[in-house]
Amino acid sequence: MRLVPIFVLLGVATTGVLAQDQPTAPAAEATVEFGFEAAVEGWTAMDDTALVTIAHEADEVKVGLGALKWEFQPMEGKMPGLVAQAGAAPAGQSFSMWMKSSVACLLAVGLQEAGGARYITASYCPADEWKKIEVALADFMLSDDTTDDNDALDPDQIAACMIIDLAAMLLENPEAAMFLGMTTELRTILLDDFRISPKPVARQRVVRDVAGGGREITLQTFDTSSTFLIPLRNTTAESVQYEGGGGGAVVLRYDLTGALFPLAGAIMPVQLGELAGLERVRIVISSEQPMTLAVMIEEKENPAEGLDKSGYTATRALAGGGEWETIELSPDDFKLNDDSSDENGVLDGEQLSMIAVFDASAVAGGARTPANVLMIDEVTAITRQ
């Protein structure tokens with residue numbers, strides 16, 4: 001199985017939106033706010049067939065008296081995105097926004113610095129319920145197709161912001177439609193209370209130095225209501241927070257009993273270059289049903305440098321019963337996929353762009369997993385540099 005690297009797809013979707021020349025940003029403020037009480041406040045659709053209006057009905061507004069109402073049909077040749085000019089937020093620490101969609105979707109949020117560097121986050125959103133997307137600015141990832149002198153989003157340089165529905169991935173790459181749990185059907189998305197503010201929020205990504213050298217990089221803590229994660233086919237995702245402030249987990253639900261294509265799981269992005277010197281991957285996970293868990297990591301393709309898009313997979317048996325298990329995998333545990341090639345035959349941590357976890361019970365020759373709940377508490381990589 002080959003999956004499309006997340007940042008390749010995000011790059012396709014965002015380049016056309018944020019790479020354009022932007023007007024000079026307004027004077028710097030501590031907070032960037034779009035309340036959508038009475039007007040669209042400068043937000044425009046990239047798709048000229050989309051409708052962007054202000055909603056005032058009670059069930060279409062989360063905060064105050066109005067919300068942005070975005071109605072569109074994802075279609076080839078049309079970018080399902082919104083873009084607006086934004087002022088700088090020198091004291092900014094986090095981004096937050098309420099959203100509600102008529103269909104389950106994955107929304108990406110991009111922020112562009114005045115110098116052109118683009119930073120991205122994304123969050124899965126279930127259908128027909130308000131969800132708060134809340135992300136530390138430090139967790140926004142630099143898009144692979146852009147560069148920055150310090151590789152960090154500078155709040156005082158923010159000049160533009162954008163929102164895209166990543167159904168664009170299904171249209172830009174037919175291979176994605178085979179694997180991803182999204183649809184291109186007609187939808188209405190409501191957005192409310194968009195703000196970049198000084199409020200600190202829990203980090204999705206945590207980096208710690210390891211005694212003797214190296215780093216422990218928690219790629220996803222799942223300690224906020226937002227998850228930069230894309231569900232695979234047959235899968236729904238939900239973020240849950242533990243009582244008493246003990247963090248959180250992501251819950252994946254699926255039933256492969258009668259599925260035409262028995263795939264379930266999720267994929268997560270990796271900042272290119274971050275896992276140089278990879279020594280092992282640790283995943284804290286539980287499954288209600290016994291199953292074979294597959295963990296796949298993929299190197300980013302770069303034809304100009306002769307680099308293949310190489311997928312490597314490792315498997316482990318999960319006992320089931322809903323008990324937490326800690327899975328640790330070294331590079332030697334990962335084997336090159338049959339449908340992949342690698343220019344040097346070696347798993348290169350610095351080239352990794354995504355990690356996937358999925359139910360491989362049927363692929364491994366077993367029965368299809370019946371209704372199951374898979375919970376992931378942490379995904380961490382340990383490196384030696």
Okay, side chain of [X], backbone of [Y]: is any donor-acceptor separation there less than 3.5 Å?
X    : Y    : result
E134 : S225 : no
D223 : G248 : yes
R187 : E185 : yes
N372 : Y254 : no
D342 : S310 : no
S239 : F222 : no
N234 : L263 : yes
D348 : E350 : no
T221 : R203 : yes
S102 : T188 : yes

Cluster link [X] to [Y], ILVMFWY, side chain under 4.5 Å:
X    : Y    : value
L142 : V206 : no
F34  : V61  : no
I54  : F72  : yes
V63  : V32  : no
W130 : F194 : no

So, do [X] and [Y] sit near enough that their side-chain heavy atoms are less than 4.5 Å apart?
X    : Y    : answer
W43  : I163 : yes
L318 : L374 : yes
I217 : E274 : yes
I189 : C105 : yes
P126 : E238 : no
K300 : Q351 : no
S94  : P200 : no
S340 : Y312 : no

Which atom of [X] lies closest to which atom of [Y], heavy atoms considered:
X    : Y    : value
F36  : L68  : CB-N, 3.7 Å
G81  : W70  : N-CZ2, 3.6 Å
Q220 : F228 : NE2-O, 2.9 Å
I133 : C125 : CD1-SG, 4.1 Å
L229 : Y124 : O-CB, 3.9 Å
L107 : D165 : CD2-CA, 3.8 Å

Taking atom [atom1] of [X] and atom [atom2] of [Y], what is their separation to the nearest 0.5 Å?
X    : Y    : atom1 : atom2 : value
E33  : I196 : CD    : CD1   : 10.5 Å
L111 : S143 : CG    : OG    : 12.5 Å
I376 : W324 : CD1   : CH2   : 8.5 Å
T49  : M75  : OG1   : CE    : 4.0 Å
F334 : L352 : CZ    : CG    : 8.5 Å
K132 : S123 : NZ    : OG    : 12.5 Å

| Test log, rule side chain to side chain contact (heavy atoms under 4.5 Å, CB included), inputs M354 and M296 | CA-CA 8 Å; M354 76 95 182; M296 191 178 95; 3.3 Å; yes
Side chains of [Y] and [X]: any donor to acceptor distance under 3.5 Å?
X    : Y    : answer
D139 : T121 : no
S361 : D359 : yes
E216 : T218 : no

| Pick one: which of E60, E57, H56 meets side-chain hydrogen bond (donor to acceptor under 3.5 Å, both in side chains) with K69? | E60
| request: Tell me, with the steps shown, if L191 and L82 meet side chain to side chain contact (heavy atoms under 4.5 Å, CB included). | output: CA-CA 11 Å; L191 307 172; L82 299 172; 3.7 Å; yes
| said: For R280, is there an ion pair with D333 - N to carboxylate O distance below 4.0 angstrom? | reply: no
| field | Charged N-O contact under 4.0 Å between R368 and D255 | value | no
| task | Test L232 against L180 for side chain to side chain contact (heavy atoms under 4.5 Å, CB included), laying out the working first. | result | CA-CA 4 Å; L232 295 178; L180 303 183; 4.1 Å; yes
| request: Check the pair D148, R118 against salt bridge (charged side-chain N to carboxylate O under 4.0 Å, His left out), reporting the backbone distance first and the verdict last. | output: CA-CA 8 Å; D148 196 1; R118 296 190 302 278; over 6 Å; no
| message | Does D338 have more than 12 heavy atoms from other residues, nucleotides or ligands lying within 6.0 Å of its CG? | response | no
| message | Looking at K199, I want to see if its NZ is surrounded by more than 12 non-hydrogen atoms of other residues, nucleotides or ligands under 6.0 Å. | response | no
| message | For T53 and V40: C-alpha separation, side-chain torsions, deciding distance, then whether side chain to side chain contact (heavy atoms under 4.5 Å, CB included) applies. | response | CA-CA 7 Å; T53 58; V40 298; 5.8 Å; no
